[in-house]
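The next block holds one structure in the form of structure tokens; read it before the comments.
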Amino acid sequence: MKMKVFNTLTDGKEDFIPHKDKEVTMYVCGPTTYNYIHLGNARPMVVFDTIRRFLEYIGYKVTYVQNFTDIDDKIIDRAAEKGQDPFKLAEKYIDEYFHDAEKLKVKMADFHPRVTQNMNEIIEMVQNLIANGCAYEVSGDVYFDVSSFKTYGKLSGRSLDDLKCGARVEIDAKKNNPLDFAVWKASKEGEPGWESPWGRGRPGWHIECSAMSIKYLGTEIDIHGGGYDLVFPHHENEIAQAEACTRKPFVRYWIHNGFITVNEEKMSKSLGNFFLVREILKKFPGEVVRFFLLSTHYRSPIDFDDQKLNTCAKGLDRIKNTFASLEEALAQGNFENNDEESNTADLREFKQAIEAAGDKFINAMKDDFNTALAIAAIFDFCKDVNTFLHNGIKGIAKEKKHLEKARDLFIDLCEDVLGILFSDDQGSSAGDSYGLVNDLMELLLEIRERARENKDWGTADTIRDGLVEMGIEIKDTPQGPKWDLH
RNA sequence: GGCGACGUGGCCAAGUGGGAAGGCAGAGGACUGCAAAUCCUUUAUCGGCGGUUCAAAUCCGCCCGUCGCCUCCA
């Protein structure tokens, strides 16, 4: 099956054909670093990380770039408010970004370029635009001339006339056309600035992505991603700058994720209804947040509230429980000689289930990264695995080879591609005391088992209920009691 | 004003012409000392009206409702 990708540029699904046979270049717009990231920032991080993981899983070599916009009006304003140095402020939130990204299981990009570290390339690009007659300087500012770029508006599906009708662009006497946008801005006294042919200044908002994309990935890249609200003007302007400079197509596939909403309203900084990832992570593990973000197709909106995360946590538990059962079955290790495969109906069905799960998952992901459908394939597989184990535990068939295959498939799909199966890192927060907790639990469970043997249910339940209150759950399985931290 | 998206069971969510996936919640059953986990069974004429078609959640038109972009925003 061919891979299909929805391309904002053509407003439809297309066959995915990268510029080189087995290599994919990806650029994803990263945050402007003036605050901790919020859930709205987290969606593209998780979505494009998953796309990257999937492409790698099916054999592409992916080069992944995510920038930091570390100089910008908002950073300057925020720093001024706090009486801080804007560079230090940006640096801090870059560090904090990595902290949150790790919790969300977002892999490091191959490159995390920063605007302030690529100033030469940006200035060069502005010079190029002026030389090509696509930009003009007015008293230290440089503006892109949208009328010089014939296909301006092709990404957002707007014509220059449509945009004028909007009339929401402020008239600026310096600009030839209200839609022209700054590629370089003169710095005021006391603001950060870099020397340039037009005096001391700093880059406009859109130019950094064009410049860094070209620098790190070349003039034509395969995938450029970001939130849907970046389509206009950010990405439209990136195209104009890049293509006016290189005279080549800038991006093959533009991919945009839908919004996070709260009470059906867009979560955004201006509305003030945003939730910091940091705050959410106090209540839910990163994998749950990640699973939540992947449980809906990336182009649809997702409405956020704690109840929905709770529901997702339960769904994820089902997957984790199944995986744990599989590992337990393998750990028991009392396999008969498996040289000759038994050929029971159970086993035949199980083998088919393993194959079907992999196929369904891959086909779902190949159809415009349909993670919701891919996850459904995982749930189907959970049921198949549980059914097999259910029967197997009764002593019918324990087939090491196929149990291992099933386990490996879980690891490939859930952990490597979706990034949701990692073991809880709560143990690490307990630090050195983790071993002690284990020993104490062993002791408690032993006491409880003795009570149960004596049918002293009161003592047994006191222990169990007390532990539940501490967030520890006990399960009495045929293999003895198990415990889990929640 | 211009452009666009969405409306599927109690909740979430796939599905773009021919069987209405999956999860959560609920009900009944098996297992269990009771639970938990797991298994089995069970819950939908797809916002409304009209049209095209042998056949529509899926295509077309109108209406109702919700949201987004056009301004910083993932």
Side-chain angles (χ1 to χ4, degrees), chain A residues 11 13 28-32 37-48 72-74 77 153 156-159 161-170 179 205 225-234 236 256-261 263-271 274 291-292 295-297 299-303 305 307-308 310-319 321-322 324-325 360 364 367 370-383 385-391 393-394 452-453 455-457 460-461 464-465 468 473-478 481-484:
Chain A
D11 194 33
K13 279 188 203 174
V28 178
C29 285
T32 301
I37 56 166
H38 61 78
L39 230 212
N41 301 110
R43 168 114 100 146
M45 287 161 61
V46 167
V47 162
F48 290 103
D72 169 271
D73 289 356
K74 292 191 290 291
D77 292 348
S156 51
R158 298 180 168 95
S159 66
D161 287 343
D162 289 342
L163 289 164
K164 274 178 208 151
C165 286
R168 295 178 76 168
V169 182
E170 270 182 52
L179 295 170
W205 174 35
Y228 198 76
D229 49 356
L230 294 182
V231 172
F232 191 90
H234 185 55
E236 194 70 63
H256 294 98
N257 63 271
F259 301 124
I260 308 279
T261 60
N263 297 323
E264 311 289 317
E265 245 185 358
K266 181 183 169 186
M267 179 186 292
S268 75
K269 290 176 184 170
S270 42
L271 288 171
F274 60 89
F291 184 67
F292 166 71
S295 64
T296 301
H297 185 88
R299 283 191 282 117
S300 303
I302 305 186
D303 200 61
D305 61 55
Q307 189 49 48
K308 290 184 174 111
N310 270 321
T311 301
C312 277
K314 286 180 189 167
L316 186 55
D317 272 347
R318 181 169 163 78
I319 295 172
N321 282 335
T322 305
S325 307
K360 276 198 275 186
D367 186 7
N370 193 334
T371 51
L373 194 56
I375 288 170
I378 299 290
F379 279 119
D380 285 341
F381 188 49
C382 283
K383 183 164 195 166
V385 169
N386 282 324
T387 300
F388 183 68
L389 290 176
H390 194 251
N391 297 337
I393 279 167
K394 284 177 183 159
R452 292 181 73 211
E453 276 166 28
K455 300 200 188 297
D456 176 4
W457 311 124
D461 290 352
R464 185 174 62 193
D465 297 344
V468 163
E473 187 185 36
I474 294 193
K475 301 175 193 176
D476 294 319
T477 74
K482 308 276 180 208
W483 64 278
D484 242 329

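Lettering of chains follows the sequences in order, A, B, ..., and the numbering in each one begins at 1.
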Between the protein and nucleotides 25-30 of chain B, list every N/O to N/O distance that falls short of 3.5 Å.
none

(message) For a quick check of understanding: with a heavy-atom distance under 4.0 Å over all strands, which category does A:Gly40 fall into, base, sugar-phosphate or nothing?
(response) base
(message) Between B:U66 and B:U8, how far apart are the two P atoms, rounded to whole Å?
(response) 14 Å
(message) As an exercise, state the distance from CG of A:Leu179 to CD of A:Glu236, rounded to the nearest 0.5 Å.
(response) 10.5 Å
(message) Between B:G47 and B:G7, how many Å separate the two C1' atoms, rounded to a whole number?
(response) 6 Å
(message) In this structure, how many angstroms lie between the P atom of B:A13 and the CG atom of A:Asp305, rounded?
(response) 11 Å
(request) Using atom CD1 of A:Ile319 as one end and atom P of B:U38 as the other, report the distance to the nearest whole Å. (result) 11 Å
(message) Rounded at 0.5 Å granularity, tell me how far CG in A:Asn257 sits from CZ in A:Phe48.
(response) 5.5 Å
(request) Could you work out the separation of B:A27 and B:A36 based on their P atoms and round it to a whole Å? (result) 12 Å
(request) Pick base, sugar-phosphate or nothing for A:Ile37, based on heavy-atom distances below 4.0 Å to the nucleic acid. (result) nothing
(request) Considering only atom C1', compute the distance from B:U42 to B:G33 and round it to an integer number of Å. (result) 29 Å
(request) Output the distance between atom CG (A:Leu316) and atom OG (A:Ser295), rounded to the nearest 0.5 Å. (result) 10.5 Å
(message) Under a 3.5 Å distance rule, please check whether A:Ser300 uses its side chain to pair with a backbone N or O of A:Thr296 as donor and acceptor.
(response) no
(request) Could I get the full list of side chain to side chain donor-acceptor pair (under 3.5 Å) partners for A:Asp476, not counting sequence neighbours? (result) A:Arg448, A:Arg452
(request) First locate atom CG of A:Leu271, then atom NZ of A:Lys266, and finally report the distance between them rounded to the nearest 0.5 Å. (result) 8.0 Å
(request) Write down the distance between CG (A:Asp229) and P (B:G4), rounded to a whole number of angstrom. (result) 19 Å
(request) Taking atom CZ of A:Phe259 as the centre, report whether more than 12 heavy atoms of other residues, nucleotides or ligands fall under 6.0 Å from it. (result) yes
(request) Starting from P on B:C69, measure out to CG on A:Asp11 and report it in whole angstrom. (result) 18 Å
(message) Reading RNA chain B from 5' onward, which residue's closest nucleotide shows up sooner: A:Gln307 or A:Ile260?
(response) A:Gln307
(message) Between B:G23 and B:A14, how far apart are the two P atoms, rounded to whole Å?
(response) 15 Å
(request) Before accepting this row, confirm whether a basic side-chain N of the pair A:Asp317/A:Lys314 lies closer than 4.0 Å to the acidic partner's carboxylate O. (result) no
(request) Sticking with atom P, work out how far B:A57 lies from B:G18, rounded to a whole angstrom. (result) 10 Å
(request) Would you indicate, yes or no, if B:G22 has its OP1 or OP2 atom less than 4.0 angstrom from a side-chain nitrogen or oxygen of A:Lys383? (result) no
(request) Decide yes or no on side-chain hydrogen bond (donor to acceptor under 3.5 Å, both in side chains) for A:Thr261 and A:Asp303, but give the supporting numbers first. (result) CA-CA 5 Å; A:Thr261 60; A:Asp303 200 61; 2.6 Å; yes
(message) For the C1' atoms, the ones on B:C12 and on B:A44, what distance do you get once it is rounded to whole angstrom?
(response) 15 Å
(request) To the nearest Å, give me how far apart CD1 (A:Ile375) and C1' (B:G22) are. (result) 10 Å
(message) Need to verify one output field. Residue with the more 5' nearest nucleotide on RNA chain B, A:Asn263 or A:Ser156?
(response) A:Ser156
(request) Identify which nucleotide among B:C39, B:A74, B:G23 has an atom closest to any side-chain atom of A:Thr387, counting heavy atoms from C-beta outward. (result) B:C39
(request) Whole angstrom is fine here: how far is it from NE2 in A:His234 over to P in B:C72? (result) 12 Å
(message) Between A:Arg299 and A:His256 (side chain of the first, backbone of the second, donor and acceptor by atom type, cut-off under 3.5 Å), is there such a pair?
(response) no
(request) Would you write the dot-bracket representation of RNA chain B, where each base gets (, ), [, ], | or . depending on whether it forms a Watson-Crick or G-U pair under 3.5 Å and with which partner? (result) ((((((((.[[[..)..(...]]].(((((.......)))))....[[[[[..)....]]]]])))))))....
(message) From C-beta outward on A:Arg158, which listed nucleotide comes closest to its side chain: B:U66, B:C69, B:G68?
(response) B:C69
(message) I need the A:Glu473 CD to A:Trp483 CH2 distance, nearest 0.5 Å.
(response) 12.5 Å
(message) Using modelled atom types and a 3.5 Å cut-off, is there a donor and acceptor pairing between side-chain atoms of A:Thr371 and backbone atoms of A:Ala374?
(response) no
Distances under 3.5 Å between nitrogen or oxygen atoms of protein and nucleotides 14-21 of chain B:
{"residue": "B:A14", "atom": "OP1", "partner": "A:His297", "partner atom": "N", "Å": "2.7"}
{"residue": "B:A14", "atom": "O3'", "partner": "A:Asn370", "partner atom": "ND2", "Å": "3.0"}
{"residue": "B:G15", "atom": "OP1", "partner": "A:Asn370", "partner atom": "ND2", "Å": "2.9"}

(message) Using the salt bridge (charged side-chain N to carboxylate O under 4.0 Å, His left out) criterion, which residues pair with A:Asp305? Sequence neighbours excluded.
(response) A:Lys308
(message) Please report the distance, rounded to the nearest Å, between CG in A:Asp303 and P in B:C6.
(response) 17 Å
(request) Answer yes or no: is there a donor N or O on one side and an acceptor on the other, between the side chain of A:Asp72 and the main chain of A:Lys74, under 3.5 Å? (result) yes
(message) Once you apply a heavy-atom cut-off of 4.0 Å, does A:Met267 come out as touching a base, just sugar-phosphate, or nothing?
(response) base
(message) So A:Gly225, base contact, sugar-phosphate only, or nothing? Heavy-atom distance under 4.0 Å.
(response) nothing
(request) Ignoring hydrogens and angles, tell me if any N or O in the side chain of A:Asn41 forms a donor-acceptor pair with the backbone of A:His38 under 3.5 Å. (result) yes
(request) Could you run through nucleotides 32-37 of chain B and give me one letter per nucleotide, 5' to 3': B if any protein heavy atom sits under 4.0 Å from the base, S if only the sugar-phosphate is that close, - if neither? (result) -BBBBS
(message) Would you say that more than 12 heavy atoms from the other residues, nucleotides or ligands in this model lie under 6.0 Å from the CG of A:Asp465, or not?
(response) yes
(request) Give one of base, sugar-phosphate or nothing for A:Tyr228, where a contact means two heavy atoms less than 4.0 Å apart. (result) nothing
(message) From CZ of A:Arg299 over to C1' of B:G7, roughly how many Å is that when rounded to an integer?
(response) 17 Å
(request) Sticking with atom P, work out how far B:G19 lies from B:C3, rounded to a whole angstrom. (result) 37 Å
